[in-house]
Amino acid sequence: MDLLLLLKAAIMGIVEGITEFLPISSTGHLILASELMNFWTKEKSDVFVIAIQMGAIAAVIYEYWGRLWGAATGMVTGEEKGRRLGFGLILASIPIVLIGLTFGQTVKELLFNNIAIAMGLIIGGLIIIWIEKNPPQVRAQEVEDLTIKDAIWIGLIQVLSLIPGTSRSGATIIGAMFLGVSRKAATEFSFFLGIPVIVGAGLLDLYQSYHVFEGTQDWLVIGVGLIVSFVSALFLIRILVAYVAKRDFMFFAWYRIFSGLLILLFAFTGWKLW
């Protein structure tokens with residue numbers, strides 16, 4: 001039993017749980033953490049990074065089970081707000097599923113690198129600053145107030161998150177705010193929208209790449225990452241919802257820009273942090 005490998009998996013789980021729902025790119029942070037710790041082989045690490053995101057999504061399902069159930073049953077019973085939310089989530093998920101299945105592997109091969117991550121972080125940070133300094137008028141205070149048209153537009157914006165460093169949460173939250181959705185509702189819709197996307201991507205990646213794992217220990221490593229990401233994400237969700245009710249995303253914007261510039265510095269100079 002490689003205890004050091006399990007410890008690294010737990011650290012990766014914490015990174016995932018903390019960053020998945022923040023507009024700072026969880027995939028980018030996981031790739032960098034993996035390189036920093038020399039975590040596993042690249043082939044196994046790439047699958048691990050996608051798979052443990054399902055732990056964070058399980059935290060969303062646990063935390064919002066009542067509202068998610070209302071959306072699911074609303075599509076059958078016809079209850080207006082539940083039906084709109086349920087169909088909105090389905091329609092918003094279609095663009096990234098289609099583009100991901102078609103170009104996902106190509107994107108992974110071409111853009112899973114430090115330069116792409118850095119540029120995604122910097123550009124996303126600048127967009128967040130612009131939105132926060134030029135806030136649109138809010139017309140949708142709660143998630144259930146979003147229209148089907150809003151959901152489709154947010155789904156199209158979510159496609160940008162296929163680029164590492166962009167951040168799925170960042171793209172969907174800022175995209176929703178641009179459409180006039182409140183910061184809190186945009187954040188919660190981003191939580192919900194991650195369920196079909198991340199679970200689908202995680203299961204597909206595991207199915208396509210399960211052959212890279214060898215024996216019980218490899219699956220134990222994934223299990224540790226999933227459990228730790230679930231617990232850490234649960235705490236983050238509660239903290240973030242309370243945070244966005246009172247504050248803006250400027251801190252995360254400057255964090256993205258600083259991180260992106262730091263990554264570029266080390267990439268072009270060849271310097272090492274370790």
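R256 places a side-chain N or O within donor-acceptor distance of the main-chain N or O of T166, the cut-off being under 3.5 Å. With hydrogens and angles ignored, the 3.5 Å screen pairs no side-chain donor or acceptor of H29 with any backbone N or O of V15. Here the side chain of T187 pairs a donor or acceptor atom with the backbone of R183 at under 3.5 angstrom. Between the side chain of E79 and the main chain of G82, a donor-acceptor pair closer than 3.5 Å is present. Looking at D150, its side chain never comes within 3.5 Å of a backbone N or O of L146 through a donor-acceptor pair. A donor-acceptor distance shorter than 3.5 angstrom exists from the side chain of R139 to the backbone of L179, with no hydrogens or angles considered. The backbone N or O of W130 sits less than 3.5 Å from a side-chain atom of N134, completing a donor-acceptor pair. With hydrogens and angles ignored, the 3.5 Å screen pairs no side-chain donor or acceptor of R247 with any backbone N or O of A242. Panel note: side chain E16, backbone S26; no donor-acceptor pair is recorded below 3.5 Å. Side chain of S190 to backbone of A186: no donor-acceptor contact under 3.5 angstrom is found.
Ring-plane geometry between F230 and Y62 is classed as perpendicular, the angle between the planes exceeding 60 degrees on a 0 to 90 degree scale with a lower cut at 30. Using cut-offs of 30° and 60° for the angle between ring planes, the F192 and Y64 rings count as perpendicular.
Side chains of F39 and V221 form a contact here, defined as non-hydrogen atoms less than 4.5 Å apart. The shortest distance between side-chain heavy atoms of K184 and Q141 does not fall below 4.5 Å.
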side-chain contact (heavy atoms from CB on, under 4.5 Å) assessment of I128 paired with I173: CA-CA 10 Å; I128 292 173; I173 292 172; over 6 Å; no
Please report the C-alpha distance between I14 and V231 in whole Å, then the side-chain angles of each, then the deciding distance to 0.1 Å, and finally whether the side-chain contact (heavy atoms from CB on, under 4.5 Å) criterion is met. CA-CA 8 Å; I14 292 172; V231 175; over 6 Å; no
Does V244 form a side-chain contact (heavy atoms from CB on, under 4.5 Å) with F249? I'd like the steps, not just the answer. CA-CA 8 Å; V244 299; F249 289 115; 3.5 Å; yes
Please evaluate residues K81 and E142 with respect to the criterion salt bridge (charged side-chain N to carboxylate O under 4.0 Å, His left out), reporting the C-alpha separation (whole Å), side-chain torsions for both, the decisive distance (0.1 Å), and the verdict. CA-CA 10 Å; K81 289 190 174 182; E142 300 295 334; over 6 Å; no
Between F21 and L236, does the side-chain contact (heavy atoms from CB on, under 4.5 Å) criterion hold? Intermediate values first, please. CA-CA 8 Å; F21 303 112; L236 187 281; 4.0 Å; yes
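Interatomic distance, F191 CZ to T172 OG1, rounded to the nearest 0.5 Å: 9.5 Å. We find the CG-CD1 distance between L121 and I24 to be 8.5 Å, quoted to the nearest 0.5 Å. Taken from CE in M177 to CD1 in I154, the straight-line distance is 11.5 Å, to the nearest 0.5 Å. Here the CD1 atom belonging to I18 is positioned 12.0 Å from the CG atom belonging to L240, to the nearest 0.5 angstrom. Taking NZ of K149 as the reference point, atom CD1 of I152 lies at 9.5 Å (rounded to 0.5 Å). For the atom pair CD1 of I122 and CG of L261, the computed distance is 4.0 Å after rounding to the nearest 0.5 Å.
Remark: K44 engages D218 in a salt bridge, criterion side-chain N to carboxylate O under 4.0 Å. Checked for salt-bridge contact, E144 and R67 meet the test: a charged N lies under 4.0 Å from a carboxylate O. Checked for salt-bridge contact, R238 and E63 meet the test: a charged N lies under 4.0 Å from a carboxylate O.
Two rings, from Y243 and F251, have their centers 6.0 Å or more apart. Two rings, from Y210 and W219, have their centers 6.0 Å or more apart.
Taking each heavy atom of A151 and G88 in turn, the nearest pair found is CB-O, 3.4 Å. The two residues T73 and G70 make their nearest non-hydrogen contact at OG1-O, 3.3 Å. L234 and A59 make their closest contact through N-CB, 3.7 Å (heavy atoms, listed as atom of the first residue, atom of the second, distance). Across all non-hydrogen atoms, the minimal contact from Q217 to D2 is OE1-N, 3.0 Å. Closest approach of V224 and L6 over heavy atoms only: CG1-O, 3.8 Å. When all heavy atoms are compared, the tightest approach of I115 to A267 is CD1-CB, 3.6 Å.
Put simply, F235 and M54 are part of two different groups of oily side chains (I, L, V, M, F, W, Y) that touch within less than 4.5 Å, one to the next. I227 and I11 end up in different hydrophobic clusters when Ile, Leu, Val, Met, Phe, Trp and Tyr side chains are linked at under 4.5 Å. In the hydrophobic clustering of ILVMFWY residues, with side-chain heavy atoms under 4.5 Å counting as a link, I50 and I198 come out apart. Connection of L160 to I96 is not established within any shared hydrophobic cluster, with ILVMFWY side chains joined at heavy-atom distances below 4.5 Å, either directly or through further cluster members. When hydrophobic clusters are built by joining Ile, Leu, Val, Met, Phe, Trp and Tyr residues whose side-chain heavy atoms come closer than 4.5 Å, directly or via intermediates, I195 is grouped together with L193.
A 6.0 Å sphere centred on CD of E43 holds no more than 12 heavy atoms belonging to other residues, nucleotides or ligands.
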